[in-house]
Amino acid sequence: SCVSGSDGGSGGGGGGGGGGASTRLVFVPTHAGELRVVILDGNAMLGGGPLTFTVRAGEVHPPSCLVRGEGATHAVAGELAQLSVFVRDRFGNPVTHEDRLPIVAELRGKHRSPVLAQTVDLRTGEYQLSYTAKESGEQPLHVYIRKEPIGGSPFTVLVQAGRALAAQSEVDTSKLLGLRVGVPAAFVVHAYDRHKNRAWRGGEQFEAALRGPDGQRVELSLTDQGDGTYSGSMVCRQVGMHHLETFLEQTPLGVSPHA
């Protein structure tokens with residue numbers, strides 16, 4: 001923006017006088033970088049050519065800062081998530097002249113202590129943030145600069161369970177009580193990750209087998225329900241003790257076998 005004002009002078013007395021005038025221009029640049037100013041008097045350019053200025057970005061304005069990266073919306077428990085904070089002034093210009101800004105980010109779960117993000121200053125006006133979530137579900141990610149929230153904070157992050165772990169996964173055998181020879185009975189495998197987060201998607205390589213009183217082993221098929229559960233069915237052909245064996249990629253589940 002530009003504001004102009006004029007100063008004038010006058011003289012008088014005895015039939016003579018003279019005066020002069022000057023104009024003062026005041027402008028407020030909003031874009032950082034090289035600025036060229038042309039002053040015209042009618043069609044004539046004053047000063048012999050454009051005036052060139054180098055405009056630096058203003059002070060950091062947290063509400064104008066930007067966040068980019070998958071880590072601002074999605075994460076997987078137990079895996080590193082990343083996002084970037086781009087520092088801006090109140091006009092949206094990148095701020096590169098301030099190093100090591102106190103940027104704090106924390107993911108606040110419902111049942112665990114907040115997870116603090118690690119911050120790396122790339123010295124370009126971009127700060128790279130990384131964190132490792134441990135709890136699944138929707139959680140707020142709070143990002144501050146000098147204790148003031150940046151634009152859009154807090155961000156909602158959907159944390160999914162990590163890869164299933166055999167030692168944490170479970171088998172629901174409640175329908176195997178009172179088994180009878182020749183009568184099908186169902187069981188369900190529930191996938192959990194290393195942090196005991198229940199999986200809500202399929203794709204894991206669970207296996208099951210039934211071992212009878214004579215020691216013979218029968219492979220059982222499992223159906224991936226796509227929601228972290230795997231259903232199976234078994235039929236006992238003999239009277240006596242049977243053992244249900246369950247595996248994840250050939251590793252026995254923590255409570256396997258079931259008798």
Side-chain angles (χ1 to χ4, degrees), residues 70-71 73-82 107-118 130-141 156-259:
E70 187 176 1
T73 56
H74 293 83
V76 176
E79 298 182 10
L80 192 69
Q82 293 184 323
L107 186 69
R108 299 178 184 175
K110 295 181 180 179
H111 307 293
R112 300 176 187 266
S113 299
V115 175
L116 292 177
Q118 299 295 317
S130 59
Y131 64 90
T132 302
K134 296 182 179 180
E135 180 182 350
S136 63
E138 286 192 349
Q139 301 169 45
L141 175 66
T156 300
V157 178
L158 177 59
V159 181
Q160 296 180 328
R163 293 202 61 186
L165 188 69
Q168 297 286 19
S169 297
E170 301 176 353
V171 182
D172 180 2
T173 59
S174 59
K175 295 184 179 180
L176 300 184
L177 301 177
L179 287 174
R180 293 184 179 183
V181 174
V183 179
F187 62 93
V188 180
V189 176
H190 294 271
Y192 288 85
D193 68 9
R194 60 180 297 186
H195 299 291
K196 204 58 180 181
N197 295 303
R198 181 173 174 175
W200 297 103
R201 57 183 176 180
E204 302 288 358
Q205 301 299 314
F206 285 99
E207 300 174 329
L210 180 64
R211 193 179 298 277
D214 58 1
Q216 291 188 357
R217 188 173 184 271
V218 179
E219 298 288 340
L220 303 175
S221 62
L222 294 175
T223 301
D224 185 347
Q225 300 296 338
D227 60 358
T229 65
Y230 302 77
S231 59
S233 179
M234 51 182 277
V235 179
C236 298
R237 302 298 182 184
Q238 307 172 53
V239 176
M241 182 67 72
H242 290 69
H243 295 276
L244 174 62
E245 301 173 346
T246 49
F247 304 87
L248 174 59
E249 297 179 348
Q250 301 182 345
T251 300
L253 270 60
V255 290
S256 184
H258 297 267

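Keep in mind that this is a model prediction, so the values were computed, not measured. The figures that follow rest on heavy atoms only: side chains count, while hydrogens, waters and symmetry mates do not.
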Practice problem: Return the set of residues passing ring pair (Phe, Tyr, Trp, His ring centres under 6.0 Å) with Tyr192 (not counting sequence neighbours), or none when no residue passes. | Solution: none
Exercise. List in chain and number order the residues that pass side chain to side chain donor-acceptor pair (under 3.5 Å) with Gln160, two or more places apart in sequence or in another chain; answer none if no residue qualifies.
Key: Arg201
Exercise. Identify the heavy atoms of Ala161 and Ala199 that sit nearest to each other, and give their distance.
Key: CB-CA, 3.8 Å
Self-check item: Inter-residue atom distance Arg180.CZ - Cys236.SG, 0.5 Å rounding
Solution: 13.0 Å
Quiz item: With Ser130, which residues qualify under side chain to side chain donor-acceptor pair (under 3.5 Å), at least two apart?
Solution: none
Quiz item: Which heavy-atom pair separates Val159 from Val76 by the least distance, and what is that distance?
Solution: CG1-C, 4.3 Å
Quiz prompt | Partner residues of Ser174 under the side chain to side chain donor-acceptor pair (under 3.5 Å) criterion, sequence neighbours left out | solution = Asp172
Practice problem: Measure the shortest side-chain to side-chain distance between Met234 and Leu176 over non-hydrogen atoms and say whether it is less than 4.5 angstrom. | Solution: yes
Quiz item: Going through the distances and angles, do Lys196 and Glu135 end up as a salt bridge (charged side-chain N to carboxylate O under 4.0 Å, His left out)?
Solution: CA-CA 8 Å; Lys196 204 58 180 181; Glu135 180 182 350; over 6 Å; no
Quiz item: Thr246 and Glu207: side-chain donor and acceptor closer than 3.5 Å?
Solution: no
Self-check item: Minimum side-chain heavy-atom gap Arg112-His195 below 4.5 Å
Solution: yes
Quiz item: Would you call Leu107 and Leu141 a side-chain contact if the rule is heavy atoms closer than 4.5 Å?
Solution: yes
Quiz item: Does a side-chain heavy-atom distance below 4.5 Å link Val183 with Val235?
Solution: no
Quiz item: Where do Asn197 and Lys134 come nearest, in terms of heavy atoms and distance?
Solution: ND2-O, 2.7 Å
Quiz item: Can you check whether His190 reaches Ser169 side chain to side chain, under 4.5 Å on heavy atoms?
Solution: no
Exercise. Please identify each residue that fulfils salt bridge (Lys or Arg N to Asp or Glu O under 4.0 Å) with Arg194, with sequence neighbours left out.
Key: none
Could you pull out every donor-acceptor pair under 3.5 Å between side chains of residues 208-216 and any protein atom, sequence neighbours left out?
| residue | atom | partner | partner atom | Å |
| --- | --- | --- | --- | --- |
| Arg211 | NE | Glu245 | OE2 | 2.9 |
| Arg211 | NH1 | Gly215 | O | 3.2 |
| Arg211 | NH2 | Glu245 | OE2 | 3.4 |
| Asp214 | OD1 | Gln216 | N | 3.0 |
| Asp214 | OD1 | Gln238 | NE2 | 3.3 |
| Asp214 | OD2 | Gln238 | NE2 | 3.0 |

Exercise. Give every residue pair that meets the ring pair (Phe, Tyr, Trp, His ring centres under 6.0 Å) criterion with at least one member in residues 162-186, sequence neighbours excluded.
Key: none
Exercise. Quick one: list whatever passes side-chain contact (heavy atoms from CB on, under 4.5 Å) with Ala81, sequence neighbours left out.
Key: Ala75, Tyr131
Quiz item: Gln250: what forms a side chain to side chain donor-acceptor pair (under 3.5 Å) with it, not counting sequence neighbours?
Solution: none
Self-check item: Residues in salt bridge (Lys or Arg N to Asp or Glu O under 4.0 Å) contact with Glu249, at least two apart in sequence or another chain
Solution: Arg163
Quiz item: If you measure from CZ on Phe247 to CG on Leu253, what distance do you get to the nearest 0.5 Å?
Solution: 9.0 Å
Quiz prompt | pair Thr73-Thr156: side-chain heavy atoms closer than 4.5 Å | solution = no
Quiz item: If you round to the nearest 0.5 Å, how far is CZ of Phe187 from OG of Ser233?
Solution: 7.5 Å
Practice problem: Show the numbers, then the answer: is there a side chain to side chain contact (heavy atoms under 4.5 Å, CB included) between His242 and Leu244? | Solution: CA-CA 7 Å; His242 290 69; Leu244 174 62; over 6 Å; no
Exercise. Could you tell me which residues satisfy salt bridge (Lys or Arg N to Asp or Glu O under 4.0 Å) with Glu138, sequence neighbours excluded, listed by chain and number?
Key: none
Quiz item: Taking the side chain as C-beta and beyond, is there a heavy-atom pair between Thr229 and Phe206 under 4.5 Å?
Solution: no
Quiz prompt | Rounded distance [0.5 Å steps], CD in Gln205 versus OG1 in Thr251 | solution = 12.5 Å
Quiz item: Are Val171 and Val188 close enough that some pair of their side-chain heavy atoms sits under 4.5 Å apart?
Solution: no
Self-check item: Pairing residues for Lys175 by the salt bridge (Lys or Arg N to Asp or Glu O under 4.0 Å) criterion, not counting sequence neighbours
Solution: none
Exercise. List the atom of Ala185, the atom of Leu179, and the distance in Å for their closest heavy-atom pair.
Key: CB-CD2, 3.2 Å
